[in-house]
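Written out below as structure tokens is the structure these notes cover.
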Protein chains: 2
Amino acid sequence: MEADGENTDDRVRMWAPVGQAVALLLGPYAEVVLHDPDTDRILAIWNSIGARGPGDPSLLGELDALDPSARDVFGPYEKVLADGRRLSSVSAVLRGPDRKAAAVLCVNLDRTPLEQAAAVLSAFGAPTTPRPEPLFEQDWTERVQHIVGTYVRECGRPLERLTRADRLAVLARLNEAKIFAVRRATPVVTAALRVSRSTLYGLLAELRAPSTKDNT
Amino acid sequence: MEADGENTDDRVRMWAPVGQAVALLLGPYAEVVLHDPDTDRILAIWNSIGARGPGDPSLLGELDALDPSARDVFGPYEKVLADGRRLSSVSAVLRGPDRKAAAVLCVNLDRTPLEQAAAVLSAFGAPTTPRPEPLFEQDWTERVQHIVGTYVRECGRPLERLTRADRLAVLARLNEAKIFAVRRATPVVTAALRVSRSTLYGLLAELRAPSTKDNT
DNA sequence: ATGTGTTTGGACTATACGTCCAAACTGGAT
DNA sequence: ATCCAGTTTGGACGTATAGTCCAAACACAT
């Protein structure tokens, strides 16, 4: 309810009811933000999760890709806050009569309370067996493809054009996911990353010892 | 409420209020059963999940190990019904003044509704990324211990006394769980199963080729 | 004791893992 | 084009792990 008063922009007058209604419906755990894509600042905000207010910068990297040819609704995608809360977010590009992007509406839903509730429910009468079967979340080889694919999508570059640092980053994720604790994983990774065995091990060595790269 | 009337056994008179109270508290999804460990039949039952009634056989393999030196409360452990419902069960050995096991009380809680609710909650506002990280459900080495431990508990024999067929069965489960796709898994398994490397590989070979054991 | 079936240590082979390095390659700067 | 720094690559090499094999030791019932 920080978005009323007399200062109001036309765009705020136009879309504020929407934001307010959504904020009311989704209760205290959903933040609704109206962004100005030109100045990259917040026009209005309801149920602010952080301490952000109107006029603050948007901090939305996602808004870079405001391609008018693309879809106007994005998400839901996941964000993780510094304090660990997990948000589900959707964004909508709002256009005026001239078809120009006039504002961007974002809804950020804090999933943590829901996840906690789910955890409580499924822990009720907890059995000794957490779950019978698979050690692997599906097939680890698909997991590799997925991690690589995700990274490629994130940075836009098409795999062949990945920089050394990119590959390093991907390897860090694969390593994080304990991929290399699996037997015969290396050939799969070299294939997925399109590098040779040598390069793979070189990069991995670098991951373990980030010191031995510069000076002295 | 099938456990009143005039036919009643002393034991039923003694423990029926407990069973009934628990059944009432836990609502329609918890079944409470009072077993006779001697005849292996049902003495009384509340909220019967199947079509079982008093006098029916207990079908409880778990009751074999009625060792008076051991603990009197078992579980919670998991059972899976033919129709796929997952139950959490606890059992208690009830003793009379002579310290002899007079009856066994089992509570079977149907977890499916809870799990469904949990699934609904955690799907709310579902993000595109199902979950970022770990390939392994925690630590695979604990997984081995757990699988072995579960088997031991199931058949009652204390690991050293496992038969060859038992070890074969455990290995089948470990194999099922793709444990051997993990690097350096064999030493962990041999340790957990208390067999030598040779035996391990021998049994594994047998798993792959069940034909090359008998005749022709 | 005797025999059958199983387990075991250890020798041995085959792969997979990881390191190393000289040669080839890449994308600029001259 | 030439040169250079950084990077990638194939392949040689050494080590570790994965499997195989077998004779001797063991367990246990007859």
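Here is the naming used below: chain letters follow the sequence lines, and residue numbers restart at 1 for every chain.
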**OP:** Send over the distance from Arg164(B) CZ to dC28(D) P, rounded to a whole Å.
**Re:** 15 Å
Subject >> Sidechain N-carboxylate O distance under 4.0 Å for Asp36(A), Arg11(A) >> reply: yes
**OP:** Under the side chain to side chain donor-acceptor pair (under 3.5 Å) rule, collect the residues that match up with Thr186(A), sequence neighbours excluded.
**Re:** none
Original post:
So which heavy atom on Ser89(B) is nearest to which on Asn108(B), and how close?
Top reply: OG-OD1, 2.7 Å
Subject >> Any Leu193(B) side-chain heavy atom under 4.5 Å of Val148(B) side chain >> reply: yes
Original post:
Nearest-Å distance, CG (Leu203(A)) to P (dG6(D))?
Top reply: 16 Å
Subject >> dA18(D) phosphate, OP1 or OP2, under 4.0 Å from Arg197(B) side-chain N/O >> reply: no
Original post:
Rounded to the Å, how far apart are Asp166(A) CG and dT8(D) P?
Top reply: 11 Å
Original post:
Arg183(B) side chain: which of dT6(C), dG18(C), dT9(D) is closest?
Top reply: dG18(C)
Original post:
Among all residues two or more places apart in sequence or in another chain, which pass the salt bridge (charged side-chain N to carboxylate O under 4.0 Å, His left out) test with Arg197(A)?
Top reply: none
Subject >> By salt bridge (charged side-chain N to carboxylate O under 4.0 Å, His left out) - contacts of Asp98(B) (at least two apart) >> reply: none
Original post:
Does any N or O donor sit under 3.5 Å from an N or O acceptor when you compare the side chain of Ser198(A) with the base of dG11(D)?
Top reply: yes
Original post:
Pick the nucleotide of DNA chain D nearest each of Thr186(B) and Arg194(A); which residue has the one closer to the 5' end?
Top reply: Arg194(A)
**OP:** Check the distance between dT8(D)'s P and Leu171(A)'s CG and give it to me in whole angstrom.
**Re:** 11 Å
Subject >> Distance below 4.0 Å between Ser196(A) side-chain N/O and dT8(D) OP1 or OP2 >> reply: no
**OP:** Give the minimum heavy-atom separation between Ala192(A) and Val144(A), together with the two atoms involved.
**Re:** CB-CG1, 3.9 Å
Distances under 3.5 Å between protein N/O atoms and the N/O atoms of nucleotides 13-15 of chain C, please, pair by pair.
none

**OP:** On DNA chain C, check which nucleotide each of Pro187(A) and Thr199(B) is closest to and give me the residue with the more 5' one.
**Re:** Thr199(B)
Original post:
Taking the side chain as C-beta and beyond, is there a heavy-atom pair between Thr150(A) and Ile147(A) under 4.5 Å?
Top reply: no
Original post:
If we only count heavy atoms from C-beta on, is the Leu94(B) to Val104(B) side-chain gap below 4.5 Å?
Top reply: no
Original post:
Can you tell me how far C1' of dT6(C) sits from CG of Leu200(B), to the nearest Å?
Top reply: 15 Å
Original post:
Roughly how many Å is it from OH in Tyr201(B) to C1' in dT7(C), rounded to a whole number?
Top reply: 16 Å
Original post:
Nearest-Å distance, CG (Leu204(A)) to P (dT9(D))?
Top reply: 14 Å
Any N/O pairs under 3.5 Å between the protein and nucleotides 23-29 of chain C? List them or say none.
none

**OP:** State, with a plain yes or no, whether a side-chain heavy atom of Leu200(A) is found less than 4.5 Å away from one of Leu171(A).
**Re:** yes
Original post:
Counting distance only, does the side-chain N/O of Ser48(B) pair as donor-acceptor with the main-chain N or O of Ile45(B) below 3.5 Å?
Top reply: no
Original post:
Starting at CD of Glu206(A) and ending at C1' of dT7(D), how long is that distance when rounded to a whole Å?
Top reply: 10 Å
Subject >> Net bend of the helix from dA1(C)-dT30(D) to dT30(C)-dA1(D), end axes of five pairs each, nearest 10 degrees >> reply: 10°
Original post:
Are Arg167(B) and Glu206(B) within salt-bridge range, i.e. N to O under 4.0 Å?
Top reply: no
